[in-house]
Amino acid sequence: MRNPRATQLLFELSKSGRRASRLPASDVPEREVSTMLPAAAIADEAPPLSEVAEPDVVRHFTNLSTLNMSVDTHFYPLGSCTMKHNPKRNERLAGLPGIAHLHPYQPEESVQGLLQLLYDLQEFLAEISGLPAVSLQPAAGAHGELTALMMAAAYFNDLGEKRTKVLTPDSAHGTNPASARMAGFEAVTVKSNAEGLVDLDDLRPKLDDQVGVFMITNPSTLGIFDDQVAEIADLVRKQGGLIYLDGANMNAILGVARPGDFGADMMHFNPHKTFSGPHGGGGPGAGPICVTEKLGGYLPVPVVAKRDGKYSLDCDRSKTIGRVRSFFGNVGVLVRAYCYICTHGPDGLKRVSENAVLNANYLLSKVKHILPVPHGDRCMHEFVASASDVKKVKGISAMDIAKRLLDYGFHAPTVYFPLTVAESMMVEPTESESKEMLDAFAEVLFRVTDEPADLLHEAPHTTTISRPDEVQAARRPVMKWTPA
Ligand SMILES: *Cc1c(COP(=O)(O)O)cnc(C)c1O
């Protein structure tokens, strides 16, 4: 049965004269609006606002808020997105008035506490990444990529070198080539080999003195750690290029391996993924970047600095690429990341990664007999299974399975990404799920792949909307209500 809640618009609930508030009688003399505002500022008719009582408003929005799946309501194994539990203590701490009520224009002396927190976060990220210079400015992972590539462009410009290309593996997130283009480079794809690693035979001929940056996601979106990474870094460096590490998958290697140690010159973190910030429909992100000493001068301003025990926003940097975001960055997300890192400490962060990898491998080994995993029997924090076999035998696709999972109360894995695996289903359970939850998810996968194909083609059957036209929903969303 379809979910019966909250399918009507607030406008459709409207009844003339109904009100959610009642104001006391005015104690000042009434005046005509026209005596106070110019005629052009006064509308001919009242706007078509809905007229509803307070319980209607409360029920409407409360019900709407339950239509989406969220980490707080459902298991959410959306690969590449690290939908881990968002600890409620982080919300409480980020909401403390001493943090939430600050104004970005306050004088530095009055925000020393927050600046100390941000400074310490810079230091934490430097330690975790093995890259000493940090900017908290970028507002998302993709924004971190763009910022770092703009820094690379400025760096090569200073060297008097004309480097026009950025290389990205074919399994890379779409943001990698997009960032390369936006930073003014040509994006060149490097193939993966049969094991899902960077194909060195394809890489070598593409590496010349025109290549500015090689962007690598390690572990990759296939959930594999590319152990050729140091060798790749050497090859790139021999040509004078830089290595960018897309750090979206840091949840697999916290405290285990440091990008700075395996050859990265620059990287971004996705604190909303790795450090548990609520994201997607739940909140904004951040994309702090960490770079080597020699690139540090190019970081966007301001950088949080510490001198003689005082914290300040350092804008006075001669090589900086300038500002990439207003004020200090997405501070709310950064505070949550700080709390998360402090809560776990160095040993705890390592355990986070170990358990994320353990959970993913447990699930992989449970489901691979029905949804084969083309790139091996072991994975890092996530794995990419393929629905190709069930499609051949039963005519059900990765999309059908993903949609049907919603009926059973599970958010779907990421489907059809990466593009290098046919009918791909990318599963990332994260460390915050119990064995019971992983078992239940595997059971439902078995059950779904055993159901009649027709039932799956029409799924989901219990949600308010079943299969929207995803292209039109993204390209031409209907955001405006027009009175009938
Ligand atoms: C999520 C992700 C990004 C982009 O990060 P945003 O914070 O969403 O901008 C880039 N690369 C990979 C591999 C990702 O998973």
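In listed order, ligands and their atoms are each counted from 1.
Polar contact check, Ala286 against ligand 1: no nitrogen or oxygen pair lies under 3.5 Å apart. An N or O contact shorter than 3.5 Å links Asn270 to ligand 1 by distance. Checking only distances, Thr217 never comes within under 3.5 Å of ligand 1, N or O to N or O.
Minimum heavy-atom separation, Glu108 to Tyr311: OE1-O, 4.2 Å. Pairing each heavy atom of His101 with each of Gln106, the nearest pair is O-OE1, 4.3 Å.
Heavy-atom distances between His279 and ligand 1 stay at or above 4.0 Å for every pair. In this structure, His143 falls outside the shell of residues with a heavy atom less than 4.0 angstrom from ligand 1.
Remark: minimum distance from atom 15 (O) of ligand 1 to any protein heavy atom is reached at Ser80 OG, 2.5 Å. Nearest protein neighbour of atom 11 (N) of ligand 1, counting heavy atoms only, is Asp246 OD2, 2.6 Å. The protein atom (non-hydrogen) at minimum distance from atom 9 (O) of ligand 1 is Ala142 N, 2.8 Å. Residue, atom and distance of the protein heavy atom nearest to atom 6 (P) of ligand 1 are Gly141 N, 3.5 Å.
A donor-acceptor pair shorter than 3.5 Å can be found between the side chains of Asp170 and Ser192. Side-chain contact check for Asp400 and Ser397: at least one donor-acceptor pair (N or O, by modelled atom type) lies under 3.5 Å.
Counting atoms of ligand 1 from 1 in the listed order, those under 4.0 Å from a heavy atom of Ala248 are 2 (C), 11 (N), 12 (C), 13 (C), 14 (C), 15 (O).
Closest to atom 3 (C) of ligand 1 by heavy atom, among His268, Lys273, Glu428, Met426, is Lys273.
Considering Thr82, Asn249, Asn251, Asn359 as possible partners of Glu428, the one that fulfils the side chain to side chain donor-acceptor pair (under 3.5 Å) test is Thr82.
Ring geometry for Tyr340 versus Phe275: interplanar angle of 30 to 60°, hence tilted.
The environment of NZ in Lys88 is crowded: more than 12 heavy-atom neighbours from other residues, nucleotides or ligands sit within 6.0 Å.
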